[in-house]
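The sequence lines fix the lettering, A, B, ..., with proteins before strands; numbering per chain opens at 1.
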Amino acid sequence: MPDRPFTIDTFTSLDPKVPLGPLENKWSHFKNNSRLVSPSNRKNYHIIVVGTGLAGASAAASLAEQGYKVSTFCFQDSPRRAHSVAAQGGVNAMKNYQNDGDSVFRMFYDTLKGGDFRSREANVYRLAECSAHLIDQAVAQGVPFAREYSGYLANRSFGGVQVSRTFYARGQTGQQLLLGAYQAMMRQVGLGKIKSYSRHEMLDLVVEDGSAKGIIVRNLDTGMISRFAAHAVVLATGGFGKIYYLSTLAMGCNGTAIWRAHKRGALTACPSWTQIHPTCLPQSGTHQSKLTLMSESLRNDGRIWVPKQKNETRQAKDIPEEERDYYLERRYPSFGNLAPRDISSRAAKERIDAGYGVGKMKNAVYLDFKDAIAVQGLEVIKRKYGNLFDMYKKITDVNAYEEPMLISPAAHFSMGGLWVDYELGTNIPGLFAIGEANFSDHGANRLGANSLLQACVDGYYILPNTLPQYLASMDDKKLPVVESPEFDAAEEKIRNSLQQLLDIRGKRTVDDFHRQLGKILYDKCGLSRSAEELSKAIQEIDELMALFYRDVKVPGKQNEMNDELEKAGRVADYLEIGRQMCIDALSREESCGAHFREEYQTADGEALRDDKQFRFVSCWKYDKERPSLVKEALNFEFVTPSERSYK
Amino acid sequence: MKFELKIWRQPNPDAKGAFQKYSVKDISPDMSFLEMLDTLNEELILKGDPPVAFDHDCREGICGQCGVVINGRAHGPLDQTSTCQLHMRSFSEEKTITIEPFRAAAFPVKKDLKVDRSALDSIIAEGGFISVETGQAPEANTILIGSEQVEEAFDAASCIGCGACVASCKNASVALFTAAKISHLSKLPQGQLERNSRTKRMVQAMDKMGFGSCSNTGACEVECPQGISISHIAHMNKLYFRS
């Protein structure tokens with residue numbers, strides 16, 4: 001196809017660096033054979049960690065404890081505010097405390113299948129393998145996980161699995177795990193081993209002789225641009241779901257760090273794979289800045305339904321039982337309300353699009369606790385979910401103990417991100433990506449309570465073992481200096497691009513452009529996609545990008561605190577990321593996990609995978625017009641990909 | 001709905017700030033307070049006026065980055081609600097809404113409604129942790145903790161670090177924030193061993209960072225978006241005298 005908006009690169013080969021041997025020995029094999037840095041030499045190595053969420057803070061703390069010199073950067077005003085803090089429901093771990101048949105292999109298989117067999121076996125196995133220990137460590141740090149009356153740790157279930165392996169701390173598991181990591185990090189700050197830079201945003205990666213040597217940052221309080229050099233750079237900058245404007249993410253979440261690294265040569269992988277979370281508060285008007293998540297844990301006890309009659313006007317309580325369609329229980333009897341997120345979201349969209357939606361804008365479905373309250377009693381439900389019901393009341397002014405919640409799907413998690421190998425290294429030596437910023441363990445759909453897990457496992461267990469091997473293997477061990485032509489050029493480029501945004505002096509605000517981009521992506525590169533709509537989206541984004549550089553209005557100056565300038569830089573990147581997302585979605589002519597192409601579905605509307613042609617990770621090399629696709633084949637040595645059924 | 005606003009404007013830390021009046025219209029009662037400020041800012045930008053700088057991030061009440069004083073009250077009129085979780089339905093159109101930054105000597109104003117709260121991080125760095133190295137720990141269920149005990153520790157651990165307690169205190173004391181962390185860790189068996197030294201270091205850090213003393217007025221407890229009780233301050237004081 002001559003007018004295809006991408007090229008295919010068959011020359012580049014990517015080495016995923018998966019150790020040889022049986023699945024269960026791979027990680028031990030790596031650890032047994034990796035090169036180390038002796039304790040007395042570690043202080044000579046400088047490491048930059050960008051982002052201080054669960055992945056970044058845990059990696060920074062772990063590396064500093066080993067003796068490396070670490071600098072951390074975050075755009076928030078404290079490392080503790082990173083968006084890991086907002087994760088509600090829990091963290092999965094294979095402890096089998098419930099004696100209900102859990103095992104490392106089962107957790108590995110659940111996660112691989114949950115991701116629709118679009119992730120590396122070895123990575124996923126390691127995630128399950130390291131999970132049990134994470135709970136031990138979090139408890140030692142003082143994370144107040146829920147307990148039974150006996151004092152033993154409690155569990156609950158999450159979507160896509162048939163065991164109870166989710167550990168939780170009320171509806172604030174992310175907050176408590178993050179505080180554990182933040183406190184470990186601040187302990188090292190107090191000891192002088194970490195230098196923490198809050199309110200600093202990474203604006204460029206500096207690459208010298210093909211290796212990552214440092215970053216350019218802007219102090220968001222003063223506007224000052226400065227340079228930092230290091231032996232290795234770790235990006236732990238989270239997901240970019242905020243690209244959809246309306247999402248469950250924090251306002252500041254962005255894709256700038258990974259995108260700028262991409263433009264310096266790091267490959268992205270499957271950027272269009274976005275998890276649209278089924279249980280969020282629906283949009284209620286045009287003023288809205290975000291869609292609040294209601295934890296998936298609510299689906300343990302809440303039942304999801306819509307009226308059987310189209311355009312229903314009666315209140316929920318007036319609709320008799322036989323006129324309610326519990327569509328998840330109907331379509332997926334063995335998993336019911338705990339079907340995985342991609343499937344639940346699509347099922348909700350199907351009902352809403354068919355005219356069965358409820359609420360003011362007919363854009364929601366009911367999540368009903370009536371039966372759970374009748375069986376378990378109000379007090380039990382209050383104890384389990386009290387803070388979520390309170391939050392619901394604050395936002396909507398509705399008491400969900402008395403009437404069902406209104407929920408709707410919203411953009412939530414980026415499965416895609418920077419491509420990394422088994423050692424969490426990108427294709428640029430010295431540049432690592434951890435947590436949500438990378439593409440690795442979740443494949444085409446992430447299971448609930450696996451994101452906290454992956455962030456922690458990457459930061460506490462994997463990177464502290466893999467990054468030292470890179471340091472030990474470096475030829476030139478002296479610290480790079482910031483007085484180099486590459487640093488000069490990178491800084492110059494950043495100053496110019498900031499000035500370019502300020503000089504446009506157009507008539508539309510940054511948010512206005514962001515909202516329009518978000519709408520294009522929601523409609524055409526969201527829950528369901530098609531070649532026709534994706535091609536249109538690429539064209540619309542191109543037009544929007546051109547308009548942005550003609551008509552955006554960014555007030556103020558460079559050398560001062562300037563919130564609009566920060567946002568403008570992020571939205572400029574979002575426009576480019578959005579374009580690549582559409583190209584990525586267009587190039588994958590199959591449906592898998594969250595990537596649902598209307599052209600490729602089974603007779604009953606389920607995702608139709610094409611393992612013959614698309615059993616690979618789509619990795620992208622930057623090009624402004626036509627990025628090129630590099631394929632990392634996924635070899636399944638230990639399991640056979642099957643049709644992913646939850647019926 | 002439409003509202004008259006009186007907002008503190010201060011271009012930088014050294015400038016002398018002042019209140020400025022604005023009016024906003026077409027405000028939906030379902031808008032959050034911060035979305036109302038977004039609306040004002042979009043208007044200001046298009047008019048060529050500098051937008052109001054305010055802190056915010058998650059907008060779901062958990063990151064602790066937002067926080068302003070609204071009509072004299074930190075985080076506004078509702079109990080146990082952070083600024084981002086406040087909606088315009090809680091305000092009546094007749095009254096002017098006055099919006100100011102959190103004020104305390106240890107929280108210098110950076111710009112408009114944004115203040116520097118890094119002193120809170122410094123207090124944590126002095127001892128707000130359990131000194132366990134990452135990557136190793138005994139099996140989690142070897143430490144049994146009663147569910148009530150965990151809940152008690154959790155009540156303290158739920159602090160979001162917004163600093164409303166400081167802003168509400170006439171002495172600008174940070175006792176509630178500090179006590180919440182001390183209580184969280186010392187109420188758990190894992191945190192027992194370092195209890196005394198932690199308390200001592202953190203209490204001394206409060207003074208060093210320029211916060212005032214606690215005189216038990218209880219104002220902090222009233223404004224805390226997480227409803228953290230001042231009983232933790234009593235617990236902290238007990239531990240401090242013991243240490």
Side-chain angles (χ1 to χ4, degrees), chain A residues 58 61-62 65 76-81 83 85-86 97 135-137 139-142 144 146-149 151-153 169-170 172 175-176 179 183-184 186-187 189-190 198 221 250-252 284-285 287-290 292 391 394-395 397 460-461 464 507 509 511 553 555-556 560-561 563-564, chain B residues 12 28 30-32 34-35 38-39 42 45-46 48 50-51 53 55-65 81 85 87 89 110-111 117-118 120-121 124-126 128-141 143-147 150 153-154 157-158 161 184-185 188 190-191:
Chain A
S58 59
S62 305
E65 286 172 10
Q76 296 90 348
D77 81 339
S78 162
R80 67 181 289 158
R81 310 210 194 279
H83 201 53
V85 79
Y97 285 159
I135 301 304
D136 302 339
Q137 189 204 291
V139 166
Q141 286 176 334
R147 304 268 170 170
E148 304 294 352
Y149 284 112
Y152 287 95
L153 286 152
R170 293 187 190 159
Q172 287 150 253
Q175 182 203 25
Q176 294 306 316
L179 289 177
Q183 287 164 200
M186 293 314 288
R187 176 171 162 242
V189 170
S198 295
D221 285 342
M251 301 304 285
S284 66
H287 59 268
Q288 222 152 333
S289 57
K290 82 164 279 167
T292 301
M391 184 161 89
K394 273 182 196 169
I395 298 172
D397 210 18
Y460 284 126
Y461 297 100
K507 292 190 201 63
T509 60
D511 283 347
K553 181 162 187 170
E560 62 178 9
M561 184 194 288
D563 294 352
E564 289 297 309
Chain B
N12 59 61
S28 150
D30 289 334
M31 248 184 209
S32 74
L34 297 182
E35 285 164 353
D38 290 342
T39 309
E42 291 219 48
I45 293 164
L46 293 177
D55 261 322
H56 63 103
D57 199 27
C58 78
R59 297 203 176 187
E60 50 188 277
I62 194 74
C63 79
Q65 185 146 307
T81 303
Q85 296 296 82
H87 288 74
R89 65 179 92 91
K110 294 199 284 195
K111 183 177 181 180
R117 286 169 291 189
S118 53
L120 300 180
D121 288 327
I124 298 295
E126 281 296 318
F129 44 76
I130 291 170
S131 300
V132 56
E133 302 284 291
T134 68
Q136 50 82 46
E139 153 61 38
N141 261 346
I143 308 171
L144 297 187
I145 311 171
S147 63
V150 160
F154 207 134
S158 65
H184 159 212
L185 298 175
L188 294 171
Q190 309 91 297

Under a 4.5 Å heavy-atom cut-off, does chain A meet the side chain of [X], its backbone, both or neither?
| X | result |
| --- | --- |
| B:S28 | side chain |
| B:E35 | side chain |
| B:L188 | side chain |
| B:N12 | neither |
| B:I143 | both |

Rounded to the nearest 0.5 Å, what's the gap from [atom1] on [X] to [atom2] on [Y]? Could you check?
| X | Y | atom1 | atom2 | value |
| --- | --- | --- | --- | --- |
| A:H287 | B:T39 | NE2 | OG1 | 8.5 Å |
| B:L34 | A:M251 | CG | CE | 9.0 Å |
| B:F129 | A:M186 | CZ | CE | 9.5 Å |
| B:D57 | A:Q76 | CG | CD | 5.5 Å |
| A:S78 | B:D55 | OG | CG | 11.0 Å |
| A:E148 | B:N141 | CD | CG | 9.5 Å |

Output the option from [options] having the highest count of non-hydrogen pairs under 4.5 Å with chain A.
| options | value |
| --- | --- |
| B:Q136, B:R117, B:H56 | B:R117 |
| B:Q65, B:H87, B:H184, B:Q190 | B:Q65 |
| B:K111, B:Q85, B:E42 | B:E42 |
| B:S32, B:A53, B:A140 | B:A140 |
| B:A153, B:G48, B:G135 | B:G135 |

Of all heavy-atom pairs between [X] and [Y], which one has the smallest distance, and what is that distance?
| X | Y | result |
| --- | --- | --- |
| B:D30 | A:S284 | CB-OG, 4.5 Å |
| A:Y149 | B:S147 | CD2-OG, 3.2 Å |
| B:T134 | A:E65 | N-OE1, 2.7 Å |

Legend entry - For B:I62, the option from A:Q175, A:M391, A:H83 that meets side chain to side chain contact (heavy atoms under 4.5 Å, CB included):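 Result: among A:Q175, A:M391, A:H83, A:Q175 is the only option passing the side chain to side chain contact (heavy atoms under 4.5 Å, CB included) with B:I62.
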
Can you tell if the side chain of [X] reaches within under 4.5 Å of the side chain of [Y], non-hydrogen atoms only?
| X | Y | answer |
| --- | --- | --- |
| A:Q141 | B:I130 | no |
| A:P555 | B:P50 | no |
| B:L46 | A:K507 | no |
| B:D38 | A:S289 | yes |
| A:Q137 | B:V132 | no |

Inset, instruction - Take B:S158 and A:Q172 through the side chain to side chain donor-acceptor pair (under 3.5 Å) test and state the conclusion after the steps. - result: CA-CA 8 Å; B:S158 65; A:Q172 287 150 253; 4.8 Å; no

Legend entry - Residue part contacting chain B, namely of A:E564, when any heavy atom lies under 4.5 Å: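 Contact with chain B is through the side chain of A:E564 alone.
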
Among [options], single out the residue with the greatest number of heavy-atom pairs under 4.5 Å to chain B.
| options | value |
| --- | --- |
| A:A169, A:A146, A:S58, A:A61 | A:A169 |
| A:V189, A:I395, A:D563 | A:I395 |
| A:I135, A:L179, A:L153 | A:L153 |
| A:G190, A:G556, A:P144 | A:P144 |

May I ask you to decide if [Y]'s main-chain N or O and [X]'s side chain share a donor-acceptor pair within less than 3.5 Å?
| X | Y | result |
| --- | --- | --- |
| A:K290 | B:C58 | yes |
| A:R147 | B:G146 | no |
| B:E139 | A:D136 | no |

Note: [X]-[Y] ion pair, threshold 4.0 Å (strictly below):
| X | Y | value |
| --- | --- | --- |
| B:K110 | A:D221 | yes |
| A:R187 | B:E133 | yes |
| A:R80 | B:D121 | no |

